[in-house]
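Before any comments, here is the structure.
When a residue number appears, it is its place in the shown sequence, counting from 1.
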Amino acid sequence: MITSRFAIVLSAALGLSGCVTPVTTPPSTPVPAAQSVPQSQTSGVSVSQFAAVVARMEPIAEAECRARAPQANCDYKILVDRRVQEPANAYQSVTDSGQPTITFTVALIADVYNIDELAFVMGHEAAHHIRGHLGRTQETAVAGAVIGSLLGAALGADAQGLQTLQNLGASVGSRTYSKSYELEADQLGTIIAARAGFNPVRGAQYFARIPDPGDQFLGSHPPNAQRIETVKRTMATM
């Protein structure tokens, strides 16, 4: 059982991990993808295009999920976070009832250039659930928090110092495998998008336009060039 303190530390650490997010959906109540996205916020793809991508991708993602992770809940829910102040982002999470969700901000929908980019991002997020990355990130974050707590106790840290070491341990733990998780999601996301009839190589060009995280120590994401190469290599085997 995770204590309340560790639960808080874990939540903070997972919030740093990019598109793998805490197990609860955002506080704003996103709307189902079938509902209208504000047209002014969809300069990248139209509302009808977004709905068409969801219609093609969702059954393929669910079929891959059932085949690769039969123990998992594979009934995806696709949501749109319509808060215009939120940055371009997409993330996989799980509802309190255990249903996997993929949430897109309207900024990301406006940021993609074409349906292939949108489909690739959707496949990537679906792959995180299939690979169990959220649960595995939680486990390593909790382990890191425990180590931080034990270190603090050994050093005789006060309450504030103990909290700091727990936070640091959880953050390091949550990032331990994050780069490899992103590449795994890119690889499986490529397969999902391709099987739905999209062009993942064209879709991965989205990485060519976003800031490159480089190969930072304990960074949450791998270099963009490595991600694009992963997509190309995966397509070459299909």
Side-chain angles (χ1 to χ4, degrees), residues 18-26 28-39 41-42 44-82 86 88-135 181-182 184-206 231 234-235 238:
C19 62
V20 179
T21 60
V23 295
T24 54
T25 50
S28 67
T29 312
V31 299
Q35 296 184 18
S36 295
V37 179
Q39 187 63 48
Q41 299 299 319
T42 56
V45 297
S46 68
V47 173
S48 61
Q49 285 176 319
F50 180 82
V53 170
V54 171
R56 287 168 58 181
M57 286 290 294
E58 187 172 0
I60 301 300
E62 291 179 350
E64 288 294 320
C65 180
R66 288 190 294 269
R68 296 171 183 267
Q71 76 286 353
N73 183 334
C74 296
D75 182 20
Y76 285 97
K77 177 184 290 186
I78 313 298
L79 303 174
V80 175
D81 184 342
R82 295 195 291 185
E86 291 300 301
N89 194 19
Y91 48 89
Q92 181 260 316
S93 57
V94 180
T95 66
D96 291 339
S97 63
Q99 183 177 23
T101 66
I102 300 173
T103 304
F104 293 85
T105 64
V106 290
L108 185 138
I109 297 170
D111 196 39
V112 296
Y113 278 11
N114 52 62
I115 59 174
D116 293 303
E117 290 185 355
L118 181 64
F120 177 77
V121 172
M122 193 175 298
H124 172 94
E125 298 304 330
H128 274 308
H129 176 66
I130 297 170
R131 294 299 191 195
H133 291 159
L134 189 59
Y181 290 169
E182 291 302 315
E184 285 181 6
D186 288 338
Q187 185 266 343
L188 181 53
T190 297
I191 294 172
I192 294 171
R195 289 180 175 170
F198 295 96
N199 184 337
V201 174
R202 185 173 184 235
Q205 288 306 303
Y206 183 72
V231 173
T234 301
M235 283 299 294
M238 295 184 67

Give, for atom NZ of Lys77 and atom CD1 of Ile102, the distance between the pair rounded to the nearest 0.5 Å.
-> 12.5 Å

Report the residues that fulfil side chain to side chain contact (heavy atoms under 4.5 Å, CB included) with Gln205, sequence neighbours left out, ordered by chain and then residue number.
-> Glu117, Ala208, Ile228

Do Phe50 and Phe104 have ring centres separated by under 6.0 Å?
-> yes

Can you spot which of His124, Glu182, Arg131 makes a side chain to side chain contact (heavy atoms under 4.5 Å, CB included) with Gln187?
-> Arg131

Asn89 CG to Leu108 CG distance, which is reported to the nearest 0.5 Å = 7.0 Å

Scan residues 97-110 for pairs that pass salt bridge (charged side-chain N to carboxylate O under 4.0 Å, His left out), counting only residues two or more places apart or in two chains.
-> none

Is the centre of the His129 ring less than 6.0 Å from the centre of the Tyr76 ring?
-> yes

Taken in chain and number order and not counting sequence neighbours, the residues that satisfy side-chain hydrogen bond (donor to acceptor under 3.5 Å, both in side chains) with Glu86 are none

Separation between CD1 (Ile130) and SG (Cys74), nearest 0.5 Å, reads 7.0 Å

In chain order, what residues pass the ring pair (Phe, Tyr, Trp, His ring centres under 6.0 Å) check against Phe198, with sequence neighbours excluded?
-> none

Partner of Val45 under side chain to side chain contact (heavy atoms under 4.5 Å, CB included), picked from Ile109, Asp111, Val53, is Ile109

With sequence neighbours excluded, tell me which residues meet side-chain hydrogen bond (donor to acceptor under 3.5 Å, both in side chains) with Asn73.
-> none

Residues forming a side-chain hydrogen bond (donor to acceptor under 3.5 Å, both in side chains) with Glu64, sequence neighbours excluded = Arg68, Arg195

Under the side-chain hydrogen bond (donor to acceptor under 3.5 Å, both in side chains) rule, collect the residues that match up with Arg202, sequence neighbours excluded.
-> Asp116

CD1 (Ile191) and OG1 (Thr234) are apart, to the nearest 0.5 Å, by 6.0 Å

pair Val231-Phe120: side-chain heavy atoms closer than 4.5 Å | yes

Verify whether one side chain among His128 and Glu184 offers a donor that lies under 3.5 Å from an acceptor in the other.
-> no

Salt bridge (charged side-chain N to carboxylate O under 4.0 Å, His left out) contacts touching residues 50-60 (sequence neighbours left out) | none

List in chain and number order the residues that pass side chain to side chain contact (heavy atoms under 4.5 Å, CB included) with Ser97, two or more places apart in sequence or in another chain; answer none if no residue qualifies.
-> Thr95, Gln99

Rounded to the nearest 0.5 Å, how far apart are OG1 of Thr103 and CD of Gln92?
-> 9.5 Å

